[in-house]
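Per chain, numbering begins at 1; letters A, B, ... match sequence-line order. The analysis underlying the following values was restricted to heavy atoms, covering all of them including side chains, and did not include hydrogens, waters or symmetry mates.
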Protein chains: 2
Amino acid sequence: MKRVTSIDVAKRAGVSQSTVSRVFSGKSSYISEQTRTKVLRVSEELGYTPNAIARMMSSRQTNIIGIVMANITSPFYPYVLEKFLQRFQEIGRNALMFTAAPNQEIDDMLPLIFQHRVDALIITSATLSSEMAEACAKHGTPVILFNRYVTGAPASAVCADNVEGGRRIADLLLDTGHERLAYVAGSVNTSTNNDREKGYTDRLTERGYTHLQRAQANFSYETGFQAATTLLESDHAPDAIFCANDIMAIGAIDAARSLHLRVPDDVSIIGYDNIPMSAWASYNLTTFSQEVDAMIDDTLNILSNKLENPDSPPVISLVLGRLIARGSVRGVQPTDS
Amino acid sequence: MKRVTSIDVAKRAGVSQSTVSRVFSGKSSYISEQTRTKVLRVSEELGYTPNAIARMMSSRQTNIIGIVMANITSPFYPYVLEKFLQRFQEIGRNALMFTAAPNQEIDDMLPLIFQHRVDALIITSATLSSEMAEACAKHGTPVILFNRYVTGAPASAVCADNVEGGRRIADLLLDTGHERLAYVAGSVNTSTNNDREKGYTDRLTERGYTHLQRAQANFSYETGFQAATTLLESDHAPDAIFCANDIMAIGAIDAARSLHLRVPDDVSIIGYDNIPMSAWASYNLTTFSQEVDAMIDDTLNILSNKLENPDSPPVISLVLGRLIARGSVRGVQPTDS
DNA sequence: TTGAAAGCGTTACCAT
DNA sequence: ATGGTAACGCTTTCAA
């Protein structure tokens, strides 16, 4: 039960504690094959494992990266998380995870996180105040926002180009001759929804389209179903609905069907995200992809850059998705993927 | 840029370093309101944050719990993870996360994890060898397996009672007069699939049913679709298919539809897990629930028990789910939920 | 209620 | 290639 330390190993192996340390710290350091194996053997016998905490303490480097995820259960965050973790393990770093409780400000969590002296911090799907971003910068802790951004603050960010995506969807719907357009919004005050809506409505306006209908939902299947039902039962039912994400779009398809409307013949429905489910035969949803892998790669690149070169300025990367043409919008030729 | 320590605060506040420590360690310790506020004020000025690493070092307690998740992207693990994290944050613990890369043995990851001196370890959806379980026990690190178990090893476990679930499904299908039964298997050598299949086939055998058809899949939508297609196109097409999880069952429903078969009139389909999607109008899948919340609660309870009482013996908790009767099985009365 | 001093188990640096 | 020793920034006795 008593913890065995490098000193115990040193004594038993008849070498100095420094030597034991060298064997385990792996780096350069020249050690004779002979003593190395001896140390290793003794460690095995004694059941010695280096104490990472002590290592952090004396090297002033934790090799820990903090991850804050606000919405773990949303469609693609688990995937993102898995990729992050795999990558971190490959480069010998560990992940300390935090989740933002409902209504909890990220700002409030930071002090706790900083106590752990993380080497860097990734925050997904949540924003921090510019003051806090300043604080992090002063602290010397690189922060990368994933799928959010703050302008003017010293924090890097990787984000889908939702504004441009919204614009392209507006173009698509107009180009294919739709005449009564609607928008099903995601949760208010999320940048995801705001940006998609802004791109969509701005472009519509630019092209002279004026009577856009709108229904509020919150990114969930149920609210998407609800919102679409309301829209489709109204007097001036739309012939095309853009839903702020795929889940709601799938809800909308089900809503249309339960009203005995055909998709896309009676109403076109387009989503956003390109989650796996949107490819399923029963939905075959036309959507606009989030290039998640590209976003993950960008994040990881920015991160290693910052880690190697702490003084490099913050980077903001906007990743544009692409149209995934399937069968739920009238008049568009399905693409292969 | 220079890190400010409790010594800096002590000097500036004109107190001893011990006093500063006392102020921040929060616990009992009597401190005059006067010095406390003074210390707090100075800390604020200097931007001091206690160093958690140093604290771990000297207190020999990390307050860190390790979480190993093999399959983060499977349907309900994100939910489980979120609950775990929320709970840990409530009780002032932090989570160090690991994921098992494809084909990576958990056993190989443990040494790394132990280096961090985690107070406890939760392993989801993966097993460890009994030797490793022994090692953990000797180490004094409580281990709890979530959704897996090892018998005879000193590790606690919380697991759905998949065998009994499989048996009940056999009973249900037989009781409702189905005559040509099939099973769509999940990945081989997963205890989830093995247990569900064992319960199902054992019970079928007990009741004298003999020509069960079987198709191999791997828990994914696509393979479920495939497997069901094969089954339904055969000469002796089944009139009831039990799929080892909901995702495959949903694939099976789509497969049936694409063959112009009606569910449940032409073929009954039943899944397992009760994921949110199974309640969607377009599937309305009859299934057997995993009582995830109960499992999470059990896990957390066992964990705090172990933490308070390290010598308590390992506990194995089998959580039985219940039938969620919806519309995809002929002859069963839908329940409300 | 406060202070002094001894660890905690490494790494890093300086010798040899 | 190896050993000695001073940090690292706290918590924890033990005294006062």
N/O donor-acceptor pair under 3.5 Å between B:S156 side chain and B:V315 backbone: yes

Between P of D:dT12 and CD of B:Q61, the distance in whole Å: 9 Å

Donor-acceptor pair present, B:T19 side chain and C:dG3 base, under 3.5 Å: no

Side-chain N or O of B:S32 closer than 4.0 Å to phosphate OP1/OP2 of C:dT2: yes

Touch class at under 4.0 angstrom, heavy-atom based, for B:S6 against every strand present: sugar-phosphate

Other residues, nucleotides, ligands: >12 heavy atoms within 6.0 Å of B:K38 NZ: yes

Minimum-distance nucleotide to A:S16 side chain [options: C:dT10, D:dT11, D:dG4]: D:dG4

B:Y77, OH: over 12 other non-hydrogen atoms inside 6.0 angstrom: yes

Residue whose closest nucleotide on DNA chain C lies nearer the 5' end, B:Q17 versus B:M57: B:Q17

B:T5 side-chain N/O to D:dG9 phosphate OP1/OP2 under 4.0 Å: no

Polar side-chain atom of A:S187 near backbone of A:T190 as donor-acceptor pair, under 3.5 Å: no

Selected nucleotide, minimal atom distance to B:R22 side chain, candidates D:dT11, C:dT10, D:dT13: D:dT13

Candidate nucleotides D:dG9, C:dT10, D:dG3, ranked by approach to the side chain of A:Y48 - the nearest: C:dT10

Most 5' of B:S59 and B:T35 on DNA chain C, judged by nearest nucleotide: B:T35

Base D:dA7 paired with A:S58 side chain (donor-acceptor, <3.5 Å): no

Donor-acceptor pair (no angle test) under 3.5 Å: B:R60 side chain, C:dG9 base: no

